[in-house]
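Residue numbers start from 1 in every chain, and the chains themselves are labelled A, B, ... in the order their sequence lines are given, proteins ahead of strands. None of the values given here were measured: they were computed from a predicted structure.
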There are 2 protein chains.
Amino acid sequence: MARPSGSDAGVTGPRVRAAAERLFARHGYAAVSMRMIAAEVGIGAGALYHYTPDKQTLLAGLMREHLDDLLAAWGKADPGTDPVARLDAFARFHIRFHIDRPDAVFIAYMELRSLEPETFAGIEALRRRYETVPEGILRDGVAAGVMAVADVKLASMALIAMLTGVNTWYRDGGRLDRDAVEGIYADMARGMVGVERVST
Amino acid sequence: MARPSGSDAGVTGPRVRAAAERLFARHGYAAVSMRMIAAEVGIGAGALYHYTPDKQTLLAGLMREHLDDLLAAWGKADPGTDPVARLDAFARFHIRFHIDRPDAVFIAYMELRSLEPETFAGIEALRRRYETVPEGILRDGVAAGVMAVADVKLASMALIAMLTGVNTWYRDGGRLDRDAVEGIYADMARGMVGVERVST
DNA sequence: GTCTATACACTGATAGAC
DNA sequence: GTCTATCAGTGTATAGAC
């Protein structure tokens, strides 16, 4: 039995966030109006303010949620074994997680400038925490003598940039599937940080 | 002798473009008003329309100019010798060129979505042409047997993403100077595409 | 070449009816 | 929980004086 109209039982909130995510990613935060978001959801603009106190909070919420998910997901995906295996896992995890959420990724990386200072600081701290993941892996790898990098911090930034770059061109149904892409990038990641090649 | 006021002899046009570049990079195209640009230059908003027919054209001009400069500069920097030397030159060139123009780079990469379709196509073609540079180098390197990549196109995209990523953290006067950064990245680039290490 | 004045649409956010 | 109506402010772009 269909329930009486008006009792959507908490589905509108998520729909508002989903619409905002899509539109912010597509057009940019500043270019999206609250009326556009409301129209996408199918409600009036005034009704949006039952789900967010303002536009800025809506954006910050999307970013925080994305980064929290990212950190939590790596916590589960981290094999916690030797550095080379962790590097491989990290490369594959990062690509998989990012190509599954192109909109959230784009917003989290590009709309930092749209945040007010205090909000920015909190989000930036989460980003920074994620950057320490590859740093730890590389530091361990260098210490164990199985990796060779001139600078752990630079190599970590280079690795993240390389992996995140997949989002600029990857499309489902393209020439290579996810697994192939992950494998090729994991390979390049190993070469980048000086892991000795297995087959040469 | 100072010339009579009002005869700035074509300096206002460049100042308009410079102000727009700075502001678009800082706040995003959509968040910047023509009034803000005019205020930065020190003229009224109406006077801007002597230098650009509209805001969109102003943006597209900045992007086109940046990409034209990039392609021309590589044309002069390309040593045109063996693939390994060209890879090294490309990595160093790309980093140097990009960290010297952080605003233009940010705009060219991030405001593509702010362009109307026809304008977008022209800009995108220039970007695509630049991507063929590392593709050619890697193809030659693989053919010559001095590089080993699973996929030339992916490796090119990975290389560009890695190098462009320097712009997200590099600041003049930081821990490492330009030349050191270039050297470290050129090293990682070699490892990434399977060039045999000299010192091991 | 720059100014002021102006057009008219749209902005984020609020108030109060239902 | 959603609606309509509304606020004060700002958006791009143009017209015409100087």
message: Run the side chain to side chain contact (heavy atoms under 4.5 Å, CB included) test against Leu71(A) and tell me which residues pass, sequence neighbours left out.
response: Leu126(A), Arg129(A), Tyr130(A)
task: List in chain and number order the residues that pass side chain to side chain contact (heavy atoms under 4.5 Å, CB included) with Arg139(B), two or more places apart in sequence or in another chain; answer none if no residue qualifies.
output: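 Partners of Arg139(B) by the side chain to side chain contact (heavy atoms under 4.5 Å, CB included) criterion, ordered by chain and then number, come out as Glu135(B), Val152(B).
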[X] has an atom [atom1]; how far is it from atom [atom2] of [N], in whole Å?
| X | N | atom1 | atom2 | value |
| --- | --- | --- | --- | --- |
| Tyr29(A) | dG12(C) | OH | P | 8 Å |
| Met36(A) | dT11(C) | CE | P | 8 Å |
| His27(B) | dG11(D) | NE2 | C1' | 16 Å |
| Ile37(A) | dC10(C) | CD1 | C1' | 15 Å |

- request: Using a strict cut-off of less than 4.0 Å between a Lys/Arg side-chain nitrogen and an Asp/Glu carboxylate oxygen, indicate whether Arg86(B) and Asp82(B) qualify as a salt bridge.
  value: no
message: What I want to find out is whether Arg96(A) reaches Asp179(A) closely enough, with some N-O distance under 4.0 Å, to be called a salt bridge.
response: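 Between Asp179(A) and Arg96(A) there is no salt bridge, as every charged N stays at least 4.0 Å from the carboxylate O atoms.
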query: Would you say the side chains of Thr164(A) and His98(A) form a donor-acceptor pair under 3.5 Å?
result: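 Per modelled atom types, Thr164(A) and His98(A) side chains form no pair under 3.5 Å.
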task: Would you mind building the protein contact string for nucleotides 13-18 of chain C? One character per nucleotide, 5' to 3', B for base within reach (heavy atoms under 4.0 Å), S for sugar-phosphate only, - for untouched.
output: BB----
- request: Hey, could you give me each pair passing salt bridge (charged side-chain N to carboxylate O under 4.0 Å, His left out) that has a residue in residues 25-50 of chain A? Not counting sequence neighbours.
  value: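 Non-adjacent pairs meeting salt bridge (charged side-chain N to carboxylate O under 4.0 Å, His left out): Arg22(A)-Glu40(A).
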query: Excluding sequence neighbours, so at least two apart, what forms side chain to side chain donor-acceptor pair (under 3.5 Å) with Glu111(A)?
result: Ser114(A), Arg113(B)
- line: Note, DNA chain D 5' to 3' with Watson-Crick or G-U pairs under 3.5 Å encoded as ( ), [ ], | and . gives ||||||||||||||||||
task: Would you indicate what Val32(B) reaches in the nucleic acid, counting non-hydrogen atoms under 4.0 angstrom: base, sugar-phosphate, or nothing?
output: sugar-phosphate
field: Lys/Arg cation over aromatic Phe90(B): Arg92(B), 6.0 Å, 45° cone
entry: no
Closest nucleotide among dC3(D), dG11(D), dC3(C) to the Ser33(B) side chain: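 Nearest nucleotide to the side chain: dG11(D).
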